[in-house]
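Below is one structure, written out as structure tokens; comments come after it.
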Amino acid sequence: MIVVLKPQTTEEKRDHLIAWLKSQGVDIHLSVGTDYTIIGLVGNTAGIDVELLESLEMVMAVRRVGEPFKQCNRMFHPADTVIEVGGVKLGGGNFCMIAGPCSVESEDQILEVARAIQASGATILRGGAFKPRTSPYAFQGLRFEGLKLLSEAKRATGLPIVSEIMNVNHLPLFEDVDIIQVGARNMQNFDLLQELGRIHKPVLLKRGLANTLKELLMSAEYIMAGGNEQVILCERGIRTFETYTRNTLDLSAVPKLQELTHLPVVVDPSHATGEAKLVPSMALAAAACGADGLMIEVHNDPAHAKCDGAQSLTPAQFDDLARRVRAVREALA
Ligand code: PEP
Ligand code: MN
């Protein structure tokens with residue numbers, strides 16, 4: 001980090017600032033020119049409050065040279081992170097199809113969908129048990145019962161399972177869940193992220209509705225700073241002024257994130273578009289731009305789904321899509 005002081009800054013004020021910066025645990029390289037004085041901060045500057053420095057009367061400009069995220073930064077960890085769960089690899093060239101219903105609704109439903117998506121080549125089963133709904137009157141998920149049914153589907157098929165956590169106190173209920181999902185609405189629930197940093201289980205972190213990639217990476221950093229390095233990032237569309245689609249899928253996030261971080265990046269075209277007929281083209285585009293995987297909502301009876309039926313594919317539609325995704329992957333190889 002570089003701090004440029006205004007020309008008339010007195011030595012006394014400058015030295016006072018330097019002493020304070022050193023007390024924050026960084027080393028200082030001072031460069032005094034005829035017009036400007038530049039203070040170079042060396043070492044771990046992650047804890048330095050840039051806005052506070054910028055607000056000081058004597059400071060003309062502050063430039064961060066490195067990124068504020070360290071553990072997920074590709075610069076310090078060039079090799080792709082590969083996440084392994086129940087014999088399935090994700091990242092580092094290992095493409096992964098995650099599929100399943102928005103929410104677990106019944107034993108028959110989850111078993112039928114699990115068997116269908118497995119037959120089509122999906123290797124991880126998704127299913128929401130605790131649902132973050134905009135309306136308190138909408139279906140909230142089967143909660144613990146939903147997790148039990150998801151476990152049953154895991155036992156029946158051997159597919160590892162992913163489900164969303166909404167409350168940090170629910171963590172013990174997720175014992176049998178292989179990948180814990182943090183939904184878009186909780187991307188910046190820092191208490192939850194910190195708690196997930198203390199466990200040894202992969203976390204699928206979805207990008208918030210109105211969050212930048214830097215904020216997504218800082219949230220991943222929260223989890224990793226606690227010691228849990230198994231984080232999967234998920235682009236699921238962001239809020240823009242567009243209203244014809246549920247969200248706007250930011251596909252450039254995929255190569256940008258892959259440049260910035262070694263963590264796997266998956267794309268969820270279901271929540272990104274909100275419309276089943278848009279899902280295949282966006283899924284193929286995500287595969288074509290190098291995503292490490294896809295997460296797709298599939299329901300055996302979308303018209304009667306308790307949640308997100310409009311964006312859910314039928315098993316037959318998913319089967320067709322999975323085949324085309326494989327063709328795109330082969331074309332890329
Ligand atoms: C989900 O995947 O079920 C979900 C609620 O997605 P998001 O958090 O991206 O809205
Ligand atoms: Mn959904």
Side-chain angles (χ1 to χ4, degrees), residues 96-105 109-110 113 117 122 124-136 138-143 146-147 149-150 161-167 170 174 177-189 192-193 196 202-213 215-216 219-220 231-240 245-251 253-254 257 265-276 278-279 282-283 286 291 293-314 318:
C96 172
M97 286 276 250
I98 305 168
C102 178
S103 51
V104 180
E105 296 171 13
Q109 175 239 21
I110 192 67
V113 175
I117 58 123
I124 298 177
L125 174 67
R126 67 150 283 149
F130 294 89
K131 295 304 302 176
R133 304 304 301 277
T134 300
S135 166
F139 176 59
Q140 303 287 308
L142 294 183
R143 303 174 71 83
L147 288 181
L149 296 177
L150 199 57
I161 52 178
V162 53
S163 200
E164 176 170 352
I165 192 166
M166 295 214 304
N167 184 327
H170 292 164
F174 282 69
V177 175
D178 300 280
I179 303 176
I180 298 186
Q181 178 172 323
V182 175
R185 290 153 191 82
N186 270 311
M187 191 203 88
Q188 289 191 314
N189 181 340
L192 178 61
L193 299 178
L196 295 174
V203 176
L204 181 104
L205 178 64
K206 299 191 89 172
R207 182 180 183 180
L209 275 68
N211 286 110
T212 64
L213 297 182
E215 287 163 344
L216 172 63
S219 290
V231 181
I232 303 157
L233 303 174
C234 180
E235 164 59 40
R236 45 78 73 206
I238 48 174
R239 276 274 165 88
T240 65
T245 49
R246 184 176 182 182
N247 290 290
T248 298
L249 179 57
D250 177 13
L251 273 187
V254 175
L257 284 171
V265 182
V266 306
V267 171
D268 168 356
S270 307
H271 292 90
T273 61
E275 210 179 319
L278 299 179
V279 169
M282 291 300 95
L294 288 167
M295 180 152 93
I296 294 174
E297 286 189 341
V298 179
H299 197 284
N300 52 339
D301 184 8
H304 296 100
K306 292 201 167 141
C307 184
D308 285 351
Q311 68 193 34
S312 299
L313 300 187
T314 61
F318 177 71

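Counting convention: from 1, in listed order, for ligands and their atoms alike. Residue numbers run from 1 in the order of the sequence given. Just so you know, these numbers use all the heavy atoms, side chains as well, and skip hydrogens, waters and symmetry mates.
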**Request:** Indicate yes or no: does an N/O atom of R126 lie under 3.5 Å from an N/O atom of ligand 1?
**Result:** yes
**Asked** Could an N or O of ligand 1 be found under 3.5 Å from any N or O of A184, whether backbone or side chain?
**Response** yes
Which protein heavy atom lies closest to [atom], and at what distance to 0.1 Å?
atom	result
atom 6 (O) of ligand 1	K206 NZ, 2.9 Å
atom 9 (O) of ligand 1	R236 NE, 2.6 Å
atom 4 (C) of ligand 1	H271 NE2, 3.5 Å

Is a donor on one side and an acceptor on the other found under 3.5 Å between the side chain of [X] and the backbone of [Y]?
X	Y	answer
N247	H271	yes
R236	V267	no
S312	P302	no
Q140	A138	yes
N186	N189	no
R126	I161	no
Q109	S103	yes

**Fill in**
Looking at E297, the N, O or S atom sitting nearest the Mn ion (ligand 2) is OE2
**Request:** For the pair K131 and D308, find out whether any cationic side-chain nitrogen is under 4.0 Å from an anionic carboxylate oxygen.
**Result:** no
With heavy-atom distances below 4.0 Å as the criterion, list the atoms of ligand 1 near [X].
X	result
G183	8 (O)
E164	4 (C), 5 (C)
R185	7 (P), 8 (O), 10 (O)

**Fill in**
In this structure, the Mn ion (ligand 2) sits at the vertex of an angle between SG of C102 and OD2 of D308 that rounds to 10° as 100°
**Asked** How about C307: does one of its N, O or S atoms come closer than 2.8 Å to the Mn ion (ligand 2)?
**Response** no
